[in-house]
Amino acid sequence: MSKFYITTAIHYVNDDPHIGHMYENVVADVIARHRRRMGDDVWFLTGADEHGQKIERAAAKEGILPIELADRVVAKHHELWRKLNISNDDFIRTTENRHRLGVLELIRRIQERMPDDIYLGEHAGWYCQNEETFIPENQVHDGKDESGHPVEMTTERNFFFKLSRYTQPLLEHYGNNPGFIYPPTRMNEVVSFVEQGLRDLSVSRTSITWGIPFPGHPDHVVYVWMDALTNYISALGFGSAEHDRFDHDWPADIHLIGKDIIRFHAVYWPAFLMAAGLPLPKRVVGHGWWLRDNQKISKSLGNVVRPYNIIDDFGPDPLRYYMLREMTFGNDQNYSDEGFITRYNGDLAKGLGNALSRSVKMADSYFGGKTPPMHCSDNELKQTAELLVPEYLKAMEDLAFQRGLETAWRLVSAVDRYIVACEPWKHFKEKGADEALARILWNCLETLRIVFVMVAPIMPSTARQGLARIGGDPDAIGADDLAWGRLATSVPIRSGDPLFPTIDASAYFAVDRAASSQLRPGETKTMEETKPTTPPPPAEPSIETPPAAPPGVARIGIEQFMQVDLRVADVRAAERVPKSKKLIKMTVFTGQEERTIVAGIATKYAPEDLVGRKIVIVANLQPAMLMGVESNGMVLAASIDGEPSLLSVDAGVPAGTKVK
Ligand code: MSP
């Protein structure tokens, strides 16, 4: 069994985590889960970066101590990682004693092995407070660094690390280990940066106190990046009496980080380790950024998107799926609420969920609630699965999660096509539940079993639920389980509500989630359009996490119902809302006035079909912005699998008539 040590960046605690942080931990979790099932002895570390000026300032702004802020935000981290089923083995905080010991030991080893590598010196240069680092002259334009953060000319008398000495050794290391930095574009960037020659790095600060005191010089604290990077070894016990895990797991197999902090991980960190005589990590993997309107999502840009609403409404898996399916690993990707719902309805509700419920329902009714009594080892689904499983494994190996998921969904489509071609319902009518029908349906369930095993690292609770429904073993998600033929015959299956109930996007967007989200004024919500109407269908409770909202609708009294002002209205004009596939903006006459109502009905109705129609509206709803248009009311429609069907009244009923 080979060991596999994977780490994420440790996240700053000046603010609650957002979807960028979440993506990183989900990707690391997917890799960890996949490696575990491939038989590796995995150790997965994440944590919190708690020292430095950023945190000191954020706490001062709130009038609290840095540690109070850190404790509060770390609690949020734990809560989010638990809700998302992140399977980390450890969580390191840089304020822990074990971490301090690790940092002191790293410095001690550098000083012992390379006595000239840390020296007291003076440095003047452009300092970026946001990045807590000096920025080279050629990257400063108009008083800002390349990310647009302000820089200040600063002179410091600090301890310096002789980074310049490591220019050549680092270039040699990159040359000898072409996979050291991934993807290759990042490697090229780092090589050209180092080729320009490295300057010594200041590794202590006197301007702040919130940090680890520099050994022998308590008026200095250790530079936050030297402090933070050491988490990868301090968490393993480096510098402590108990260092078995360090001996076993170091060097890291993957440091997973965002592309903005590659330089710290692929230049500074290996140089520190070389100086201390420690082995270098095997791979530094840089993922891309989640963007909003083409800008990096970040606290400093004020365009943060938080994942809480979606997780509360859908459970963790749909968002995990969306992020891995939507982003080509390594590239940047815009986040959009509509994109999430489109993927959810298309791939999960109509795709995997539908293939599952069709297959299970047929097996349920034709074979008495059990898996069919016949195996089958010669059929087209088996051939397709055997072709696609190696492609999927290769994609996972390449960290091409998008490709891996596409491959799994090719198998879902194969099940759909097979059902259409075999027409099991017709077969049953003509020949009854014979052996041939048993084989057909067993093949469908067996293929879905393989799909659930494929998606298990990405959607762990969905995989468990899906496997339980088809009569499989929810724990059988190992590499061996990707082989054809494992589904038992004649064991109970579980039909039931859809695994992914279809969401009526317009109704979903119309619900005000501000109360349930943990947003502060001015922040962007995960679902940006607002206003209460109907709640979304509840997601099925996941096995591994606390359930989302429970199904069922509470009863109300007649007086509550009478508070809703339902009226007949005439549609006088209608047009599509630009950039929206679903929304139509209508001008309606309510008997007293004309008003604008936006409704998510464009998938079924063209604007010209609506003009002249009589509809029923909720007339006393507070206004809401939908894709930038103010909507004053809501149109009533039945929803058939998300497809709207408008309520109408007889032609002679005048606009404004009350509906009750
Ligand atoms: N504390 C440092 C890392 C020290 S590691 C020794 C830090 N923290 S951070 O909170 O700003 O970022 C943590 C991780 O989240 C980084 O890998 C960063 O790239 C990632 N992301 C932050 N915003 C992101 C997006 N908008 N999109 C994707 N990931 C991003 O840097």
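Atoms within a ligand are numbered from 1 in the order they appear, just like the ligands themselves.
Listed by chain and residue number, Gln53, Arg57, Tyr127, Glu152 satisfy the side-chain contact (heavy atoms from CB on, under 4.5 Å) test with Gln129 (two or more places apart in sequence, or in another chain). The side-chain contact (heavy atoms from CB on, under 4.5 Å) test applied to Ala456 returns Arg37, Ala463, Ile477, not counting sequence neighbours. Residues forming a side-chain contact (heavy atoms from CB on, under 4.5 Å) with Pro279 (at least two apart in sequence, or on another chain): Trp250, Pro251.
With Glu24 as the fixed residue, the side-chain contact (heavy atoms from CB on, under 4.5 Å) test singles out one of Thr46, Thr8, Asp29: Thr8.
For the residue pair Asp16/Tyr308, the side-chain donor-acceptor check at 3.5 Å is not satisfied. For the residue pair Trp269 and His255, a side-chain donor N or O sits within less than 3.5 Å of a side-chain acceptor on the partner.
Protein residues having at least one heavy atom under 4.0 Å from any atom of ligand 1 are Ala9, Ile10, His11, Tyr12, His18, Gly20, His21, Glu24, Asp49, Trp225, Ala228, Leu229, Asn231, Tyr232, Ile257, Gly258, Asp260, Ile261, His265, His287, Gly288, Trp289, Trp290, Lys296, Ile297, listed by chain and number.
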